[in-house]
There are 2 protein chains.
Amino acid sequence: MTSPRAAGTAPRSALTRARVLESAVTLADRDGLGALTMRSLARELGIEAMSLYHHVANKEDLLDGVVDVVAAEIQDAVGRLEALPDDAPESSWKPALRRQILAARTVLLRHPWASTVLESRKSFSLHVVRYYDSLIGLMRRGGFSYDLVHHAMHALGSRALGFSQELFEPDGATAGSAGDGSAEEGAADAATALLLQMADELPHMVEMLAEVGHQDTGSTLGWCDDQTEFEFGLDLILDGLERLAEREKP
Amino acid sequence: MTSPRAAGTAPRSALTRARVLESAVTLADRDGLGALTMRSLARELGIEAMSLYHHVANKEDLLDGVVDVVAAEIQDAVGRLEALPDDAPESSWKPALRRQILAARTVLLRHPWASTVLESRKSFSLHVVRYYDSLIGLMRRGGFSYDLVHHAMHALGSRALGFSQELFEPDGATAGSAGDGSAEEGAADAATALLLQMADELPHMVEMLAEVGHQDTGSTLGWCDDQTEFEFGLDLILDGLERLAEREKP
DNA sequence: ACCTGAACACCGTTCAAGT
DNA sequence: ACCTGAACACCGTTCAAGT
């Protein structure tokens, strides 16, 4: 009764690198990146922490693998988009690129922690590189020189993968860091209130809040629609690239 | 001989929040963000780790403060730029904005770890907000509606502060995450070599490397000039905004 | 071969105690 | 009031030992 395993059945508990990585993604989705520790992951898998090191070199390698899983999802999502017909006009690079990037974005929205991990990687996932290759391919179809393609990839930066570095994410914003650090408030409303108090010091900021913020949700900092803003920024860049590509033509 | 302190002299070792934060910045500049721990910072200051908690609520608060120090440097650098004359033409918003952002960038280049910390903050530094206010002010002088200003700030994202999220930073890149994780190589050349091996799978990527990479440093992935690429992306966005602002005019 | 338990060198932080 | 030492609950990881 040592190993209760039926003849043809694969061992239910056979730990593989793939199973470890999938479990890690599930755990991060559910409990956040901070909850993804070697010990908690082991608990999730019903094994001891040290057993993980048999399938993963160390935590860095675990995170590399986890990024690769997400990147594979991106490749998959992009692959499911309908292909451009062979006789598509040259100008179709733009909507096609846009669609691919927005498809990548839907995947990253499912894994909100992934962008942080992606940023922190020193190595790169082959799935990410393949995805980049497809973006580059689209631009080439649009007549871009490789020099322009290269600049374009840099200009897109993280937007190529579907996220942008928002530096004004006032979800749970406080202005504590400027005071003595003891103040601690969570609501965006509170942050807005604080900004409004400084109207004399931040005249333009406050006026912007008053004018733009009013429109829908009523004067709080939390009005921003991430998706809208992402697409605005993306289109700004795509429009600019289109213009540069036109200029390259003889 | 308990307290060898001269009469009018301020206690040389009087610990203040400001001194703690300055020390933290120095330490991060010298040894990197990973080396900034409560214990190492205390050692740097010649005190015990627990004494820090008298001037800083916890590590989060320390990082908030450290960001604020850097943001103050940015404000300072921007403040030293020559002001726009009152009769400057409306169009001068663009070079002025550009100059401010590039000035912010020089500060962040002095503190390479700062962007990571900036991204991770939930609270915001008042110095950052004041800096943003000056950017908004410039766009208003350029005739932007507040709606456009708002979109513009989102579109700029981290670029407003002088850095961009590069997702293809192949300084020490490896492709380890796609294999079994045991491969470990440091050089960009190695990464390039690996990509070249996959020429059939990554046709456009490899061709781009061959064509663009050749020009200066000779076919390695490390050819990218960060400053050039940052300015390319920034100008792409500024040009786009200029066009949208023109369109808003009656 | 795969998995384990104890142990090590770190973290941030609490707490009671010193001056 | 400011600072301290010991201790606690965590990390990632090494190592010798189990099967």
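Labels below follow one simple rule: chain letters A, B, ... track the order of the sequence lines, proteins then strands, and each chain is numbered from 1.
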Fill in: Nearest-angstrom distance from the residue atom CD1 of B:I47 to C1' of D:dT4
10 Å

Discussion item. Main chain of A:E60, side chain of A:R121: is a donor-acceptor contact present, judged purely on distance under 3.5 Å?
Written reply: yes

Discussion item. What's the separation between atom NE2 in B:H54 and atom CD1 in B:I47, rounded to the nearest 0.5 Å?
Written reply: 11.0 Å

Practice prompt. Any chance you could measure A:L97, atom CG, to A:I237, atom CD1, to the nearest 0.5 Å?
Written response: 10.5 Å

Item to complete: Report the distance from atom CG of B:L52 to atom C1' of C:dT14, rounded to the nearest whole Å.
Response: 15 Å

Fill in: A:Y131 side-chain N/O to A:A160 backbone N/O, donor-acceptor pair under 3.5 Å
yes

Fill in: Candidate nucleotides C:dC3, C:dG5, D:dG5, ranked by approach to the side chain of B:E48 - the nearest
D:dG5

Discussion item. Against A:V70, only a single residue in A:Q75, A:H111, A:R110 fulfils side-chain contact (heavy atoms from CB on, under 4.5 Å); can you say which?
Written reply: A:H111

Please produce a list of atom pairs where a protein N or O lies less than 3.5 Å from an N or O of nucleotides 8-12 of chain D.
residue, atom, partner, partner atom, Å
D:dG12, OP1, A:K59, NZ, 2.8
D:dG12, OP2, A:M38, N, 3.1
D:dG12, N7, A:R39, NH1, 2.5
D:dG12, O6, A:R39, NH2, 3.1

Practice prompt. Using atom types as modelled and distance alone, determine if a side-chain donor or acceptor of A:T106 lies under 3.5 Å from a backbone N or O of A:A103.
Written response: yes

Worksheet entry | Heavy-atom closest contact (A:R159 atom, B:H154 atom, distance) | NH2-O, 3.8 Å

Worksheet item: So does A:H55 get a side-chain nitrogen or oxygen closer than 4.0 Å to the phosphate oxygens (OP1/OP2) of C:dC2?
Response: no

Practice prompt. Dot-bracket notation for DNA chain D is requested: 5' to 3', Watson-Crick or G-U wobble pairs only, both distances under 3.5 Å, with ( ), [ ], | and . as defined.
Written response: ||.|||||...|||||.||

Fill in: Ion pair check, A:D226 and A:R105, cut-off under 4.0 Å
no

Discussion item. Using only atom types and a distance under 3.5 Å, with no angle test, would you say the side chain of A:H55 pairs donor to acceptor with the backbone of A:L15?
Written reply: yes

Discussion item. Taking A:V67's backbone N and O only, do any of them form a donor-acceptor pair with A:S125's side chain (distance below 3.5 Å, no angle check)?
Written reply: no

Practice prompt. For residues A:D61 and A:A57, report the shortest heavy-atom separation together with the two atoms involved.
Written response: OD2-N, 2.9 Å

Worksheet, complete the sentence: Separation of C:dT19 atom P from B:H54 atom NE2, nearest Å, is 16 Å

Worksheet entry | Sub-4.0 Å heavy-atom contacts from residues 22-33 of chain B onto DNA chain C, ordered by number | none

Worksheet item: Just to confirm, is there a sub-4.0 Å distance from OP1 or OP2 of D:dT4 to any side-chain nitrogen or oxygen of B:S51?
Response: yes

